[in-house]
Structures are given as C-alpha cells and as structure tokens.
Amino acid sequence: MGCQKEPQKSTSIDPTSEKHQFAKRLSISADRSNSLSKYNSAFLKYNQASRLFKEEKDSTYTSYTLIQIAKIQQIFGDYSSSEETLTEALDYTKNKPEYLLAIHNLLGITSKHLKNYGDAIIFYNKILTTVQDPLLQVTPINNIASVYIEQKKYPEAIALLEPILKTNVLDSIPKRKAILMDNLGFAYVKNGSTQKGLDLMENALSIRIKADDSYGSIASYLHLAEYYQYINVQTSIVNAQLAYQKATETNSIDEQLEALSFLMTQNSKMGFNEYAQTFIKKNDSIKKVRNNAKNQFAKIKYDASKSILENIKYKEERSEIALQLQTKKNQSYLFGFGFILLLIAIAFLIHYFKNKNKQERLQASYSTETRISKKLHDELANDVFYAMTFADSQDLQNPIKKEVLMENLDQIYKRTRNISRENSPIDTGEKFAFNLKQMLNSYKTNLIEVIIKTQNPINWSAIDPYKKIAIQRVLQELMINMKKYSQATFVVIGFDSQENRLLIEYSDNGIGFTEKLILKNGLQNAENRIHAINGLLTFDTQTQKGFKATINVPK
C-alpha cells in the first residue's frame, strides 16, 4: 500500500521560503530518480530533503521523504534500517491516515522478512482497524494469510482467504483475485486438500497468463513446482524453470534466487547440479550490490550528520565574538551558578529515582542513585570547580587561555550528556522492542559486531513495564561492561519466549568471567534488578573464552 505522491502542505510552515522551495525541488528530483531505478541518487536527495523539511517543521513532507527512504532500503534488503526509518517517520505522521497506512504496511513487510511474524500481523491488523472499505481490506488480509502460511498455520490462512473468494469484491480486478486464489490454493494443498488446492492454483495461473501478469505468474509457478516435487519431478522442474524465466524477464532478483535454489535442490537429488554455479554467481553478485548500497546509504546519512555538526560548530565560533564581550561580566557569576546547577542536577536525579515505580525502588534503584550521585560529585564537581577557578583567575582575552576554558566546558558537557543518556527514561510502550534493538545495535563499531537473534517471537505488550525496564537496564549494563572491559569483537544476544518465562542469553568472545569484571562493572547491580522482578541472572563461571550470562524472567 503506497502513500500519495504529492503531500499536502502543513499550515504551520512557510511554503514560500527559499529553504522549503529548495527542499521541495530536491524531493521532486528524488521522485524522478526513484522512478528510473536510480536508487543511490534518489536516496541522497530524499535524505537531504528530509533534513531540510525537518528544519522547516514540515511534518507532511518529512513523512513522505522518510517513507520513500524506507522503501529504497527494503529494495536492497536492508530491513533493519528500513524499520528504523519507518519508526522515525511515525513521529511525523500524526493526523495523516494515508501515510500511517503506508507505514504500517511497510513495517509489516519488514517484520515478515525479519521473521518477526507476530509484529507483522499486528501492523497489518492496525490497517484493518482503520480501513472500512472491503476492497481496501483485501490486501492486509492477504498479507496476514501469507504470514500464517510462512508459520505453517494453514487452517488460519484458509479461514481468512476463503470468505473473500466467495464474494464478488475482486471480480473486476483479476490480478488481485489471482493473488488470493493462488495463496488459498497453496494453503489448501499444505493442509491436505490437494485437488481443491491444485484447481485454485491452476485457475490463478490461467488468470495471470490471460492478464499478462508476468510478475504474478512467478508465485504461481513456484507454488506448482513445490506441489509437484514429490508427485512428478519433471513437471516440478518445468514449473521452476518457468518461474526463473519470468523472474529474469521482470528483473525480480529474490524470485530468481528462489527459483534457482529450488532447481539446484531438485537437480542435486537427481545426481547433477547444473544450476548451482548460476545460483552462487548471482547470489554473490546481488549480495555485493546490496552491501555496497547499504554502505553507501550509511555514508550518506553519516555525511549529512557531519555537515550538521560542522554547521553548528561554525555558528558557535561566530557566537564567540559576542560572548567575549560578556566574559568579564559573567566571571563573577560563574562560580555560584555552577554549584547551583550541580545541586539542581543532583536534586533532580534523586527526585526522579525516588518517584520510579515500586519495583525500581528496590535495591537496584538505590544502588543506581548512589552511583549517579557519586559520579556527579567525583567527576562533574571537580571539573566545574576547576573551570570556574580558571575563568576567575585567568585572562580570557588571551586566545590560549580561552581555548583551554572552552575545552574544559566541552568535557563537562560531554560527561553530563553521557550520564543523561545512561539514565534516561525507558519507553515501555509500542516502541519498546525497537528501542531495545536500537540500544543494543548502538554498541556496534568497526571492531565490534552485535548479533540479535529471536528464536520465538516475544509479545512485549503482554510483559509488565517494570520488567521491561529492568531487562533493558541489565542488557545495557552488560553491553557497557563488554565495551569497557571485555575486549570482545563479537556479541550475540538471543531472545526466546517460552511457555511461562522469557529467556535472554548474552555471550561475547572477550576475556571472559574475571574478578575485574565482577568488582568494577556493576554486575551486582544487574543481579539486584533481575532478582527484584523475581528473575534469575546467572553467569558461566567455567568458561575461559568469552563472557556468558543468562537472564530468566517469569512473564
């Protein structure tokens, strides 16, 4: 489900401003590049336009450009980045139902490809609650049925698709009717009603051939190839070859690989493997193209962020001239203001932690408050006092002295920002799963790889908020320990939802479980947090290669 091409203007912005007009021209040019499959150029222009629209506070155009960026990321198989972009777009999509539908549809596609089937169904159901037209409901219903087929829940898929086929809602749209018929037929076959399913799949293929729907016929041929693989091997191979032929004609990369994979498997069983070399060569080529695209897109975003920071730095340098005129006057107030600011920060943090929910007031909260207060006193207080003393005693008209003061203030700012980020509130609502993944992925560097695995989908909405807070804080503590002390280059975090419990396994290839890691990195605080929610945090004390921890929490 797409979004409208020409978004309406927001009433709170000036559409005649030079910056807004330039951003709009960039967006139109990006649309043109996108329609010509020049995705690198389109991505660059959409990203630049998105940044300008944000500065202009034009939420409508910001939503549109972010949605287009997410689509391009999906084309190149970068579903994790697409999910991040779409989540960002949600913040700009209030009161825009057509964009919200497009985002939920794309998030459903992303979740399905990432095998987060539960999330995919949630997103498609959100579309169904918004759309009342029976025709518009067909696509999300068919998408949910496709997810059920992936999960081997064939009766559930049949229950969704069969009632629609009995109506005439798709009689005037043969291509869409063929999609539904083919999926329903495939579900019938997998559920044991082979002849009934075969008839539907063959009828769907006939409709697609008659409508000259080359892309749609690929799915029909692949389903028929799978149907015949144990009944008539030669017929199965012929259908797979036709699927590969149509996929090649329509330049459908993923479908080409799927058809080649099937042919490679079937021919291997027969004693030869003529398709293996083609599959390997094409798969390697596609991976290379997609990885290059992902790296290029990441570089585009990095360069944009760098440009923003350089612009901020330039503005700060210009402001220094005006600040010099106020320096002498402000020196007498700096000392008192610094200590007042420090006391306010400590009072605010203590107040914040005292008002957290009941579970967070247990031992983990008290330990955290003590640690933060000590950190503020030991690190910030000394630095602020030194900066104030330096400002009061030195000639700040001297460029060297002024530069020293600016560096000290910058260090104070960075330390304050790090403390704020480490202890910022956690959103336990719909964005919790995404924010958790984003937090874990933020520890990725050129030297550290972070892998997140989900064995069984977790329904985070059914887990109590205080448990989600404890889980995220403990995982954050483990990641901080890893980065500071473990010397690890590879980290794996596995999530598994069992009948009555939630199991999370952490492992890295660092220096392992050492006394230094225990005493200096707050793992006792992590244990207290998990105990406070009636869970269990255990460490592998036997391993000599890497560090391992298991979090076991009741649902």
Pair Ile458, Ile463 - check side chain to side chain contact (heavy atoms under 4.5 Å, CB included), show working.
CA-CA 9 Å; Ile458 298 171; Ile463 296 176; 3.9 Å; yes
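- Remark: His223 NE2 to Ile218 CD1 distance equals 12.0 Å, nearest 0.5 Å.
- Checking side-chain atoms of Asn509 against main-chain N and O of Phe490 turns up a donor-acceptor pair under 3.5 Å.
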Given the rule in the side chain to side chain contact (heavy atoms under 4.5 Å, CB included) test, do Leu537 and Thr550 qualify, once you have shown the distances and angles that lead to the verdict?
CA-CA 6 Å; Leu537 175 61; Thr550 302; over 6 Å; no
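- Between Gln472 and Arg529, every side-chain heavy-atom pair lies at or beyond the 4.5 Å cut-off.
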Run Phe434 and Met439 through side chain to side chain contact (heavy atoms under 4.5 Å, CB included) and show every step you take.
CA-CA 9 Å; Phe434 168 76; Met439 183 275 290; over 6 Å; no
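- Within 6.0 Å of NZ in Lys555 there are more than 12 heavy atoms belonging to other residues, nucleotides or ligands.
- Under the 4.5 Å side-chain criterion, counting only non-hydrogen atoms from C-beta, Ile109 is in contact with His113.
- Between Glu449 and Thr489, the side chains place no donor N or O within less than 3.5 Å of an acceptor N or O (distance only, hydrogens not considered).
- For the pairing with Asn552, the side chain to side chain donor-acceptor pair (under 3.5 Å) check across Glu505, Gln498, Arg501 returns one residue only, Arg501.
- A donor-acceptor pair is defined here as one N or O able to donate and one able to accept, closer than 3.5 Å; no such pair exists between the side chain of Thr194 and the backbone of Val189.
- The number of heavy atoms from other shown groups lying within 6.0 Å of NZ (Lys115) does not exceed 12.
- At a threshold of 4.5 Å between non-hydrogen side-chain atoms, the residues Lys190 and Phe186 count as touching.
- Seen from the ring of Phe432, Lys468 counts as a face-on cation partner, given the 6.0 Å and 45° thresholds.
- When the salt bridge (Lys or Arg N to Asp or Glu O under 4.0 Å) test is applied to Lys431, the partners found at least two apart in sequence or on another chain are Asp91.
- Remark: side-chain polar atoms of Thr445 are paired, donor with acceptor, to backbone N or O of Ile448 under 3.5 angstrom.
- In this structure a side-chain-to-backbone donor-acceptor pair under 3.5 Å is present from Ser111 to Leu107.
- Environment of CD in Gln438: crowded, with over 12 heavy atoms of neighbouring residues, nucleotides or ligands closer than 6.0 Å.
- The aromatic rings of Phe123 and His104 sit parallel, their planes meeting at an angle under 30°, below the 60° perpendicular limit.
- Of the possible donor and acceptor atoms, none in the side chain of Asn142 sits under 3.5 Å from a partner among the backbone N and O of Val138.
- Separating the OG1 atom in Thr538 from the CD1 atom in Ile551 is a distance of 9.0 Å, to the nearest 0.5 Å.
- Rounded to the nearest 0.5 angstrom, Asn143 CG and Ile179 CD1 are separated by 9.5 Å.
- Between the CE atom in Met482 and the CG atom in Leu478 there is a gap of 9.5 Å [rounded to 0.5 Å].
- Judged by distance alone, with hydrogens and angles left aside, the side-chain atoms of Asn47 form no donor-acceptor pair with the main-chain N or O of Phe43 at under 3.5 Å.
- Not a single donor-acceptor pair under 3.5 Å links the side chain of Ser81 to the backbone N or O of Asp78.
- Defined by atom type and a distance below 3.5 Å, a donor-acceptor pair is present between the side-chain atoms of Asp508 and Tyr506.
- Between Tyr148 and Pro155 the shortest side-chain heavy-atom distance does not fall below 4.5 Å.
- Under 3.5 Å, the side chains of Ser193 and Asn191 contain no donor-acceptor pair of N or O atoms.
- Taking the six-membered ring for Trp, Phe539 and Phe547 have ring centres closer than 6.0 Å.
- No hydrogens or angles considered: a donor-acceptor pair under 3.5 Å links the side chains of Thr85 and Gln73.
- No donor-acceptor pair closer than 3.5 Å links the side chain of Glu255 to the backbone N or O of Tyr244.
- Atom OG of Ser82 and atom CG of Leu106 lie 6.5 Å apart (nearest 0.5 Å).
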I would like to know whether Ile493 and Ile451 meet side chain to side chain contact (heavy atoms under 4.5 Å, CB included); could you show each step before the answer?
CA-CA 6 Å; Ile493 304 100; Ile451 302 296; over 6 Å; no
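- Between Tyr46 and Tyr64, the two ring planes are perpendicular [angle over 60°; tilted spans 30° to 60°].
- Note that CE of Met479 is 13.5 Å distant from NZ of Lys484, once rounded to the nearest 0.5 Å.
- Side-chain contact between Lys437 and Ser80 is absent, with no heavy atoms from C-beta onward closer than 4.5 Å.
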